[in-house]
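Side chains are part of it too, since the values below use all heavy atoms of this structure and drop only hydrogens, waters and symmetry mates. Remember, it's 1-based here, ligands and their atoms both numbered in the order they're listed.
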Amino acid sequence: MKAKIYRGTKEIGGTCVELIADNGKILWIDIGAPLDTLNPNVGYVKNKVDAVLISHPHADHYGLVEHLVAEVPVYIGELALDLINATKIFTANEHLKGTFTTFKPWKKFTIADTFQITPFLTDHSTPEAFAFLIEADEKRVFYSGDFRATGRKEKVFNKLIENPPGDIDLLLMEGTMVERTNHLYQTEDSVEEAVYKIFKEQKNVSFVISSAQNIDRFVSVFRACKRTNKFLVIDVYSAWILDMVRKQSTGIPAIEWNEIKVFEHPGQLNKIRDSSFDEFRNRVKKQRAGNSVFEHPSDYVYFVRCPNEALVKKLRGKEKINIIYSQWEGYLKEEHKNYCTDNINTLKVANDISFQSIHTSGHATVPDLMRFAKALNPKMIVPIHTTYPDKFKKEFEKEGMTNIALWDDGIEYEL
Ligand SMILES: [Zn+2]
Ligand SMILES: [Zn+2]
């Protein structure tokens, strides 16, 4: 077997790995969109490939999937596909284009009569992320995907390192946190505790800025709301996401739960006018937040990507509004800015806003990466999904791990 990393040996984002079996069959793992504009070259997406395997529904791992030739089979988790489709429905009114086959956690399957895949559920900032054991030509490759050990699924991390797959020839392991730090909040539990303290004292409304698909974070905020008797207001898109996640795990809050209210975002409702959404729209209507927030703003917490400007304007006044920024702070910088960055940066410096950043990363800390690598004990480790592979290598060598190889993008290596 041969392996090549199209993108990701020196960057976070745009991840795409190629495995070529001795019989000529080609498998790609992830087909991510780049996160920045430094290297726009993604011409390789038109190269010959027999199948694509997607680790999780973050755009830096699946974002170029629609650029594939339509017939290429794409293997993806059920919930991951539902979550990507949710994004498509609420942005483009359509489903993701492609030929998809779904798989289940820990259930082994074969791709192109050649590659044996075992998907391991991992702990990450999306509810369904996988690492893969890929076997072919008597070689065993382990692809970590994005993972951490500090979220609400820390159990699956422990399960994997307590009972690791053996005889790994190559471990492709993410190294996001080699350059980032996670000092203040180490775990999801510490995030819950921090937002709880703010909700307890709030005299006006609080906004928590996060991704609707970060279900661990949603649960942290929900639990803090429950402990402080606050209503948690979500938008229509988030309500849809909860429905998708509940198809797999019914412990996740439902939109009908007493603590949940739904803000009827007109733009989002517009995307689901089709009669197939009738039942969902009716359920949303029953839970609508309406104007109740204006009577007792301090009873409400909004979990949104962007604080609604009209709402903020109406509620500004005597008491401070809390804005809790609960995602990677890089999104507030010019080079990673999105549609809401300017709005939040303006509110951040306003006198009548209390702005706080309360977040923990979706990625493993360097000590957790080392625990993981030591448990798997592979013949060779190649860092991926990192901006600082050299630092990765140095840190690991300090710990006595001398099996780190640094690869270059686009080069084929024999296993
Ligand atoms: Zn990710
Ligand atoms: Zn990623």
Side-chain angles (χ1 to χ4, degrees), residues 5-17 28-39 42 45 52-65 74 76-77 79-84 86-87 96 105 119-132 142-154 156-157 160 171-180 182 188 191 210-218 241 244-245 305 326-331 335-336 338 359-366 368-369 372 382-389 392 409:
I5 298 175
Y6 277 113
R7 273 190 102 114
T9 63
K10 292 170 190 68
E11 76 184 299
I12 295 167
T15 305
C16 185
V17 175
W28 288 355
I29 307 148
D30 285 338
I31 178 163
L35 283 181
D36 57 39
T37 51
L38 297 175
N39 174 10
V42 291
V45 296
V52 177
L53 180 59
I54 305 275
S55 66
H56 67 286
H58 281 160
D60 61 318
H61 296 261
Y62 80 83
L64 299 178
V65 73
V74 177
I76 187 167
L79 177 55
L81 185 58
D82 278 341
L83 293 179
I84 298 172
T87 309
L96 191 70
F120 294 81
L121 197 63
T122 59
D123 181 6
H124 185 41
S125 48
T126 181
E128 194 187 65
F130 291 102
F132 298 115
F142 198 90
Y143 175 78
S144 76
D146 290 359
F147 73 101
R148 62 174 165 183
T150 50
R152 298 200 171 275
K153 279 207 292 289
E154 130 188 53
V156 293
F157 174 89
L160 185 57
L171 168 61
L172 294 161
M173 186 167 71
E174 75 126 305
T176 315
M177 294 294 275
V178 167
E179 51 131 7
R180 296 182 186 172
N182 210 9
E188 273 303 323
V191 168
S210 190
S211 155
Q213 298 202 7
N214 187 344
I215 293 296
D216 274 18
R217 189 59 40 83
F218 171 80
I241 299 291
M244 295 302 111
V245 179
R305 199 80 206 236
S326 198
Q327 55 190 1
W328 180 51
E329 277 188 275
Y331 294 129
E335 65 266 34
H336 296 291
N338 55 40
H359 177 53
T360 192
S361 175
H363 301 278
T365 59
V366 174
D368 286 338
L369 290 175
F372 188 83
V382 173
I384 187 170
H385 201 280
T386 179
T387 322
Y388 295 98
F392 184 115
D409 282 357

NZ/NE/NH1/NH2 to OD/OE distance under 4.0 Å, R7 and D409
no
Looking only at the side chains, is there a donor atom on one of D146 and H58 sitting less than 3.5 Å from an acceptor on the other?
no
Against L64, only a single residue in V45, D30, V52 fulfils side chain to side chain contact (heavy atoms under 4.5 Å, CB included); can you say which?
V45
Taking atom types as modelled, is there a side-chain donor on T176 or E174 under 3.5 Å from an acceptor on the other?
yes
Output all residues satisfying side chain to side chain contact (heavy atoms under 4.5 Å, CB included) with L160, sequence neighbours left out; order by chain, then residue number.
F120, F142, P165, F372
Protein N, O or S atoms less than 2.8 Å from the Zn ion (ligand 2), ignoring waters?
D60 OD2, H61 NE2, D146 OD2, H385 NE2
Looking only at the side chains, is there a donor atom on one of S326 and R217 sitting less than 3.5 Å from an acceptor on the other?
yes
